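Just below is one structure, and these are the notes that go with it.
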Amino acid sequence: MVKIFRLSDRVLTERDGEWREHAGFSFDALFTADDPVAVAREVHEGGSAEAVHEAPPETALPPLGDQEIWAAGVTYKRSKAARMEEAETSGGDVFYDLVYEAERPELFFKATPSRARGHGDKVCIRKDSTWDVPEPELTLAINSHGKVFGFTIGNDMSSRSIEGENPLYLPQAKVYRGSCAIGPCLVVGRDAVDEATSIQLAIERAGETVFAGETKLDQLKRGMEELAEFLFRDNEFPFGAYLMTGTGVVPDSSFTLQGGDGIEIAIDGIGVLRNEVE
């Protein structure tokens, strides 16, 4: 597998501990290729040796070009329970129970490239929201032909107070400036994760951990190809897309994010995505 980091002025790739630097790399060309895995390996081999980085960079831009970012919901039982809890007062909880068991998954648009944040950048909570959480999610890289070829880490920031008031407010609860972070890199290769892969979330406030949780991919109800197929059904993505696969780690109803909180999401085989709340 090849890890691709997008920095401000260049791209770094890492494979088997070897780092290489690239000029003129195009994520769009990667996402539109018939075989992105082969392209990523060729790109890595064609780069110049990079001796500076022996560890992932502390900051990185989102690993994307013109890709849209979408998300799936209610794909873990824990997520279903949390959504039912937040929507109970509005009577919308029944919909989350139904979609968890339905053939068709919940899919929604999450972010354009300009709304996405990278590793080390700040994510946002809405000023008109009173209950906000991060959602750590394995995120699929899907090429323009609908093929899953890689992964990154996603933080699907969410206003639970707005979504809980009425399920029809989902776009406002999910789509806003700084509501999404992905990174720290794009891992190209299907062997990067498996059912035993762990997804961990830690939230730090004033130097103390105020929440920590973990789940594993074997708790994901929907298959990766299943989610990708529904996303591309009667739709088109000329530059491919990223798809967040839902969360199995949800803080309880007594917790809400605050400005200055630090969010750290770790996924085995990919790395760690860190963001601060603004």
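Everything numeric in this text was worked out from a predicted model, so none of it was measured.
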* Asked: How far apart are the C-alpha atoms of E276 and R117, what are their side-chain angles, what is the distance that settles it, and do they pass the side chain to side chain contact (heavy atoms under 4.5 Å, CB included) test?
  -> CA-CA 11 Å; E276 182 181 329; R117 302 295 184 259; over 6 Å; no
* Evaluation steps, side chain to side chain contact (heavy atoms under 4.5 Å, CB included), between F211 and V133 -> CA-CA 11 Å; F211 176 82; V133 295; over 6 Å; no
Please tell me whether [X] and [Y] are part of a single hydrophobic cluster in this structure, the criterion being side-chain heavy atoms less than 4.5 Å apart.
X	Y	result
Y76	F151	yes
V277	V210	yes
I142	V193	yes
V272	I199	no
L170	I162	no

Between [X] and [Y], what is the shortest heavy-atom contact and its length?
X	Y	result
I265	G154	CD1-O, 3.8 Å
L273	P184	N-CD, 4.2 Å
E137	A72	OE1-O, 4.2 Å
A228	V148	CB-CG2, 3.9 Å
T256	D132	OG1-N, 2.8 Å
I270	C185	O-SG, 3.7 Å

Expected output: side-chain [X] to main-chain [Y] donor-acceptor under 3.5 Å:
X	Y	value
D268	T197	no
K147	D35	no
Q67	F239	yes
T59	G120	no

* To do: Please report the C-alpha distance between L30 and I4 in whole Å, then the side-chain angles of each, then the deciding distance to 0.1 Å, and finally whether the side chain to side chain contact (heavy atoms under 4.5 Å, CB included) criterion is met.
  => CA-CA 11 Å; L30 180 69; I4 306 175; 3.9 Å; yes
Side chains of [X] and [Y] in contact at under 4.5 Å (non-hydrogen atoms):
X	Y	value
P134	V123	no
S179	K110	yes
T75	E226	no
L138	L220	no
N275	M157	no

* **Within the 6.0 Å centroid threshold, strictly below: F31 and F149** =>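 Under 6.0 Å, so yes.
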* Are the ring centres of F237 and Y242 closer than 6.0 Å? ->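 No; Y242 has its ring centre 6.0 Å or more from that of F237.
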Would you compute the distance between atom [atom1] of [X] and atom [atom2] of [Y] and round it to the nearest 0.5 angstrom?
X	Y	atom1	atom2	value
E165	R160	CD	CZ	15.0 Å
L186	L64	CG	CG	9.5 Å
F5	E21	CZ	CD	14.0 Å
N155	E264	CG	CD	12.0 Å
I203	T209	CD1	OG1	9.5 Å
L243	L107	CG	CG	6.0 Å

* State which residues pass salt bridge (Lys or Arg N to Asp or Glu O under 4.0 Å) with E42; sequence neighbours excluded, sorted by chain then number. =>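 Per chain and number, E42 pairs via salt bridge (Lys or Arg N to Asp or Glu O under 4.0 Å) with no residue.
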* Asked: Going by an N to O cut-off under 4.0 Å, is there a salt bridge joining K174 and E135?
  ->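 Answer for the salt bridge query: yes.
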* **Pair R126 + D128, salt bridge at N-O below 4.0 Å** =>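 Yes, charged N to carboxylate O under 4.0 Å.
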* Between E45, H22, R20, K3, which is the residue that forms a side-chain hydrogen bond (donor to acceptor under 3.5 Å, both in side chains) with T13? ->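 The single option meeting the side-chain hydrogen bond (donor to acceptor under 3.5 Å, both in side chains) with T13 is H22.
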Is it the case that atom [atom1] in [X] sees more than 12 heavy atoms from other parts of the structure closer than 6.0 Å?
X	atom1	result
Y169	OH	no
R104	CZ	no
D234	CG	no

* side chain to side chain contact (heavy atoms under 4.5 Å, CB included) assessment of V2 paired with R41 -> CA-CA 7 Å; V2 178; R41 290 173 178 168; 4.1 Å; yes
* **Candidates R205, R274, K122 - the one meeting salt bridge (Lys or Arg N to Asp or Glu O under 4.0 Å) with D261** =>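 Exactly one pass, corresponding to R205.
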* **Contacts of type ring pair (Phe, Tyr, Trp, His ring centres under 6.0 Å), residue F108, not counting sequence neighbours** => none
* Asked: Using 30° and 60° as the class limits, which term best fits the ring planes of F27 and F25: parallel, tilted or perpendicular?
  ->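 F27 vs F25 ring planes: perpendicular.
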* Asked: According to the interplanar angle, ranging from 0 to 90°, do the rings of F109 and W70 count as parallel (below 30°), tilted (30 to 60°) or perpendicular (above 60°)?
  ->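 Judged by the thresholds at 30° and 60°, the geometry between F109 and W70 is perpendicular.
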* **Any side-chain donor near an acceptor of the partner, S129 and S161, under 3.5 Å** =>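 The criterion, which ignores hydrogens and geometry beyond distance, is satisfied for S161 and S129.
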* Asked: Is it true that the side chains of S26 and D28 contain a donor and an acceptor less than 3.5 Å apart?
  -> no
* Hey, which of I182, L140, T152, L227 is the one that makes side chain to side chain contact (heavy atoms under 4.5 Å, CB included) with M244? ->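 The single option meeting the side chain to side chain contact (heavy atoms under 4.5 Å, CB included) with M244 is I182.
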